[in-house]
Amino acid sequence: MPERIVLYTAKICPYAQRVEIALHEAQAPHVQYQIDLQNKPEWYAPKVNPASKVPAIAYGGPDVPPDQPSPESVKLAESLILVEFVVDLYPSSGLLPTDPVKRAQARFFIDGVSTKLVPAWHAFSQGKAPAEDLYKAVEHLQALLPEGQGFAVGAYSIADVAITPFLARARVTLVNDLGGYPEGEGPKVLEALTSGSGRFARFGKYFNDLLARESFKATFDEAYITERYKARFGNLRK
């Protein structure tokens, strides 16, 4: 039986939500501790993650309060590493395909999320690149999806865990027209990506299926994210 898991996380952080989704999918008992990224506890970097980032996990060790982490617990970090760690602890979650080909495809999809989608989204949302650059990144991922229906490699997997938090936050940004792109463009881009028709018909279905997943809904505080994003990105055009 796996040992005690303490997840250090933050609602605002898409990387941290990856691990929250994986833990939910695995039905893994764990303790969560929210880290205020604007005012991090003094003990966090020296005792949990020297990089002072979330997510991080303290694994094993004695049952102590999360804000008093024990040196006896193993400290682990980086979202994709932690997602696979959860899967290794709970292989019955099914998040890592047993077929080597599907497993490689899932990891290739994740590479596309990391190297194409996320950079393209940040550039567009900050007004530093046109929507077409984002669309090209989405087309790369759309071409990897199985035809018709299903998740990134068919069954729900680590690939879907990796992309979902970013799509969810993109949706909040676009529906509220927040960012540095031209005013009014947000809802139009969201419609293009999620309508389920036209250039991104297959991706649109995938997008909506991801956000309908219970593990996503249970780990996403839309009201909180919206409030924070309005404060952070509402004045980028000024």
Side-chain angles (χ1 to χ4, degrees), residues 7 9 11-28 30 54-55 57 78-122 134-174 190 192-196 200-222 225:
L7 173 66
T9 185
K11 290 182 181 181
I12 197 70
C13 178
Y15 297 97
Q17 193 189 6
R18 284 173 165 173
V19 187
E20 292 188 32
I21 291 173
L23 288 164
H24 192 282
E25 288 282 341
Q27 299 181 15
H30 67 284
V54 294
I57 279 178
E78 297 299 328
S79 66
L80 295 175
I81 292 171
L82 295 181
V83 167
E84 292 213 21
F85 176 65
V86 171
V87 175
D88 286 340
L89 292 177
Y90 293 90
S92 62
S93 67
L95 290 175
L96 192 62
T98 56
D99 175 30
V101 173
K102 293 287 186 184
R103 191 174 298 190
Q105 289 174 332
R107 288 173 172 148
F108 184 70
F109 189 93
I110 291 171
D111 181 75
V113 173
S114 300
T115 64
K116 292 183 170 58
L117 180 67
V118 172
W121 164 250
H122 286 321
L134 173 62
Y135 290 160
K136 288 177 180 176
V138 171
E139 280 185 327
H140 170 80
L141 295 176
Q142 179 172 252
L144 302 178
L145 295 173
E147 189 174 346
Q149 60 184 358
F151 293 101
V153 295
Y156 193 86
S157 74
I158 58 172
D160 310 300
V161 173
I163 192 174
T164 299
F166 292 94
L167 295 183
R169 286 159 179 76
R171 180 189 170 280
V172 168
T173 304
L174 295 170
L190 182 62
L193 295 179
T194 63
S195 67
F200 302 108
R202 179 64 184 93
F203 189 83
K205 175 171 174 42
Y206 175 61
F207 194 129
N208 292 320
D209 287 346
L210 290 175
L211 270 55
R213 188 84 174 180
E214 182 57 35
S215 59
F216 161 71
K217 293 188 288 185
T219 58
F220 188 68
D221 188 338
E222 183 164 352
I225 298 292

What closest approach, in Å, do Tyr156 and Leu95 show between heavy atoms, and which atom pair accounts for it?
CD2-CD2, 3.6 Å

Side-chain donor-acceptor contacts of residues 79-90 below 3.5 Å, not counting sequence neighbours, with atom names and distances?
| unit_1 | atom_1 | unit_2 | atom_2 | d |
| --- | --- | --- | --- | --- |
| Ser79 | OG | Arg18 | NH1 | 2.9 |
| Glu84 | OE1 | Arg107 | NH2 | 2.9 |
| Glu84 | OE2 | Arg107 | NE | 3.2 |
| Glu84 | OE2 | Arg107 | NH2 | 3.4 |

May I have the step-by-step check of side-chain contact (heavy atoms from CB on, under 4.5 Å) for Phe220 and Ile225, ending in yes or no?
CA-CA 8 Å; Phe220 188 68; Ile225 298 292; 3.8 Å; yes

What pairs of donor and acceptor atoms, side-chain ones from residues 113-121 against any protein atom, are under 3.5 angstrom apart with sequence neighbours left out?
| unit_1 | atom_1 | unit_2 | atom_2 | d |
| --- | --- | --- | --- | --- |
| Ser114 | OG | Ile110 | O | 3.2 |
| Thr115 | OG1 | Asp111 | O | 2.7 |

What residue among Thr9, Asp221, Thr219, Thr164 forms side chain to side chain donor-acceptor pair (under 3.5 Å) with Gln17?
Thr219

Working to the nearest 0.5 angstrom, can you tell me the gap between Leu193 CG and Leu134 CG?
6.0 Å

Please check this pair: side chain of Asn208 against backbone of Lys205, looking for a donor-acceptor N/O pair closer than 3.5 Å.
no

d(Glu222 CD, Lys217 NZ) to nearest 0.5 Å is 12.0 Å

Between Asp160 and Tyr206, is there a side-chain heavy-atom distance shorter than 4.5 Å?
yes

Could you pull out every donor-acceptor pair under 3.5 Å between side chains of residues 138-154 and any protein atom, sequence neighbours left out?
| unit_1 | atom_1 | unit_2 | atom_2 | d |
| --- | --- | --- | --- | --- |
| Glu139 | OE1 | Arg199 | NH2 | 3.3 |
| Glu139 | OE2 | Arg199 | NE | 2.8 |
| Glu139 | OE2 | Arg199 | NH2 | 3.4 |
| Gln142 | OE1 | Arg202 | N | 3.4 |
| Gln142 | OE1 | Phe203 | N | 2.9 |
| Gln142 | NE2 | Arg199 | O | 3.1 |

Rounding to 0.5 Å, atoms CG (Leu174) and OG1 (Thr194) come to a distance of 9.0 Å

What are the two closest heavy atoms between Ala106 and Ser157, and how far apart are they?
CB-OG, 4.1 Å

Aromatic ring pairing Tyr135/Phe200, orientation class (parallel under 30°, perpendicular over 60°, tilted between):
tilted

Donor-acceptor side-chain pairing of Glu25 and Ser215 below 3.5 angstrom:
yes

Contact between Pro165 and Tyr15 at the side-chain level, heavy atoms closer than 4.5 Å - yes or no?
no

For Arg171 and Leu167, indicate whether the former's side chain and the latter's backbone hold a donor-acceptor pair under 3.5 Å.
no

Count the heavy atoms belonging to other residues, nucleotides or ligands that lie under 6.0 Å from CD of Glu214, then report whether that count exceeds 12.
yes

